[in-house]
There are 2 protein chains.
Amino acid sequence: MSIDSIAGPFQPGHNHKVCIRDAMNIAEQLCQSKDLRLTKIRKRVLELVWTGHEPATAYQLLKKLRAERENAEPPTVYRALDFLVEHNLVHRIESLNAFIGCDHPESEHVSQFLICSHCNQVAELDDSVTINNAVSEEANRLGFRVSDQTVEIMGLCAACQ
Amino acid sequence: MSIDSIAGPFQPGHNHKVCIRDAMNIAEQLCQSKDLRLTKIRKRVLELVWTGHEPATAYQLLKKLRAERENAEPPTVYRALDFLVEHNLVHRIESLNAFIGCDHPESEHVSQFLICSHCNQVAELDDSVTINNAVSEEANRLGFRVSDQTVEIMGLCAACQ
DNA sequence: GAAATTGTGTTATATTATAACATAATAATT
DNA sequence: AATTATTATGTTATAATATAACACAATTTC
């Protein structure tokens, strides 16, 4: 097993360059296939989001962007994030006011995260059917029609316990 | 069945004075039994939160508080909210940056909400075992130890569909 | 190539939240 | 009851997050 095959967050030894490369390739493909414009700014912000598996705040991203584009302002970043979030390339973590890259933007899904309060890394669940069913069940009981959900689970990842 | 017995949110006809009265009684009892100080400000902010089943932002509460206490400032409200949230009398809704009263602060529980995007009312689930189990199952699969969770389900309540 | 649409630049400001330090009120101790 | 310690509030300032509005540029459509 090469180091490249060790996947994603909560895996301290993983090769993050691979995560970035994969994410950018998927983004390019997705935007091409859906005829979306992955402009330079949007692409760069996406790369900056993928700097790590720790969520980044808009202003952290702005600071980095400014290092290379001195006229960047809050709207520059927020507009890029709006686009990226709209197309599932990035998710917003409500409890942190921060943003994290999504590694499967091509499949429609809701956001479900495990957030490690020690290393601050975030893992996205793969649209857990188990949780979705539980949510549906509760909503149905009350005649509530679900359109979206936010599931953010705080705790300690395996490596940090 | 008297109108008083029609419960809580998503029930347009319910007698909200009863919700408020009950919530305040429970708060008084809880604070007495736990030797917590439900000061005038805290009590008043709790009442203001209970104005309805729509979550209130800190600054909406501040505006109301100022109508009766002209020197109220942001810290006045945020400190009261800190206290109320700490003791489960109020929950913070992360996706709305807003606060909602809790009708069962005496039992330890995690926050799980149904949020109607039409009428803006919010119903708290009663610490759904179904959802908790689903969350635990997913977390266990990844060796993640859960300490807290945020579950916010957006959609349409029965009355608004 | 003209018109329409979409994206970016720029300035200003809205909204949400906290830091820091002074004073007041309450509780605990003597 | 007076002293001390603790907790709560008053007050000013500012940090952190996010959006409005309008001008201009780039791209797409016709």
Side-chain angles (χ1 to χ4, degrees), chain A residues 27-28 31-49 54-87 89-100 120 150 152, chain B residues 27-28 31-49 54-87 89-100 120 150 152:
Chain A
E28 298 268 21
C31 289
Q32 192 138 44
S33 75
K34 290 195 177 174
D35 210 18
L36 302 173
R37 292 201 235 161
L38 190 60
T39 63
K40 277 189 180 171
I41 293 176
R42 290 167 177 174
K43 189 173 169 183
R44 187 63 187 130
V45 169
L46 181 59
E47 281 170 353
L48 291 173
V49 165
E54 303 180 29
T57 69
Y59 278 78
Q60 285 169 345
L61 296 167
L62 176 57
K63 193 176 170 189
K64 288 182 180 177
L65 194 61
R66 268 185 165 150
E68 18 188 275
R69 181 182 271 268
E70 64 184 22
N71 66 339
E73 295 290 342
T76 314
V77 163
Y78 278 103
R79 284 166 179 160
L81 288 171
D82 284 348
F83 171 87
L84 297 168
V85 167
E86 182 180 356
H87 299 294
L89 293 159
V90 162
H91 294 301
R92 181 168 204 280
I93 302 194
E94 301 294 343
S95 59
L96 299 175
N97 295 333
F99 300 85
I100 189 91
N120 297 316
T150 296
E152 297 173 3
Chain B
E28 297 269 20
C31 289
Q32 191 138 46
S33 75
K34 289 195 177 175
D35 211 17
L36 303 173
R37 293 201 233 163
L38 189 61
T39 63
K40 278 188 181 169
I41 293 176
R42 291 167 177 174
K43 189 173 169 183
R44 188 62 186 131
V45 170
L46 181 59
E47 281 170 353
L48 291 173
V49 166
E54 302 180 30
T57 69
Y59 279 77
Q60 286 169 344
L61 295 168
L62 176 57
K63 192 176 170 190
K64 289 182 181 177
L65 194 61
R66 267 186 165 150
E68 14 185 281
R69 180 182 272 268
E70 64 183 22
N71 66 340
E73 296 289 344
T76 314
V77 162
Y78 278 103
R79 283 166 179 159
L81 288 170
D82 285 347
F83 171 87
L84 296 169
V85 167
E86 181 181 356
H87 300 293
L89 293 159
V90 162
H91 295 301
R92 181 167 202 281
I93 301 194
E94 301 294 343
S95 60
L96 300 175
N97 295 333
F99 299 86
I100 189 92
N120 297 317
T150 295
E152 296 172 5

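Each chain gets a letter, A, B and so on, in the order the sequences are listed, and its residues count up from 1. Values below: all heavy atoms of this structure, side chains included; hydrogens, waters and symmetry mates excluded.
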(Q) Treating A/E54 as the side-chain partner and A/N120 as the backbone partner, does any N or O pair qualify as donor plus acceptor under 3.5 Å? (A) no

**Q.** Separation of atom OH in A/Y78 from atom C1' in C/dT15, rounded to whole Å
**A.** 11 Å

Q: Rounded off to whole Å, could you give me the CZ-to-P distance for the A/R44 and C/dT8 pair?
A: 15 Å

Q: Rounded to the nearest angstrom, tell me the gap between atom CG in B/L81 and atom C1' in D/dT9.
A: 15 Å

Q. Do any side-chain nitrogens or oxygens of B/R69 fall under 4.0 Å of OP1 or OP2 in D/dT9?
A. no

Q: Output yes when at least one side-chain N/O atom of A/N97 is less than 4.0 Å from OP1 or OP2 of C/dT16, else no.
A: no

(Q) Counting only side-chain nitrogens and oxygens, does B/T39 get under 4.0 Å of the OP1 or OP2 atom of C/dA25? (A) no

Q: Measure the distance from CG on B/L62 to P on C/dA14 and round it to the nearest whole Å.
A: 16 Å

Q) How close or far is atom P of D/dT6 from atom CG of B/D35, stated in whole angstroms? A) 16 Å

Q: Would you mind telling me which residue lines up with the more 5' stretch of DNA chain C, B/R37 or B/Q60, judged by nearest nucleotide?
A: B/Q60

(Q) Under 4.0 Å from OP1 or OP2 of D/dT9: is there any side-chain N or O of B/N71 that close? (A) no

Q.
So, OP1 or OP2 of D/dT9: does either fall under 4.0 Å of a side-chain N or O from B/R79?
A. no

Q | Interatomic distance, B/D82 CG vs C/dT16 P [rounded to whole Å] | A | 16 Å

Q) Are a donor atom and an acceptor atom from the side chains of A/E94 and A/T150 found within less than 3.5 Å of each other? A) no

(Q) Are there over 12 heavy-atom neighbours, none belonging to B/E68, within less than 6.0 Å of that residue's CD? (A) yes

Q | Toward the 5' end of DNA chain C, by each residue's nearest nucleotide, A/E73 or B/L96 | A | A/E73

Q: Quick one: pull up CZ in A/R66 and OG1 in A/T76 and give me the separation to the nearest 0.5 Å.
A: 8.0 Å

Q. Nearest-Å distance, CD (B/E86) to C1' (D/dT7)?
A. 13 Å

Q: Counting heavy atoms from C-beta on, name the nucleotide in C/dA19, C/dG9, D/dG10 closest to the side chain of B/I41.
A: D/dG10

(Q) Could you check whether any side-chain heavy atom of B/I100 comes within less than 4.5 Å of a side-chain heavy atom of B/V90, counting everything from C-beta outward? (A) no

**Q.** Whole-Å distance separating the CG atom of B/L38 from the P atom of C/dA27
**A.** 13 Å

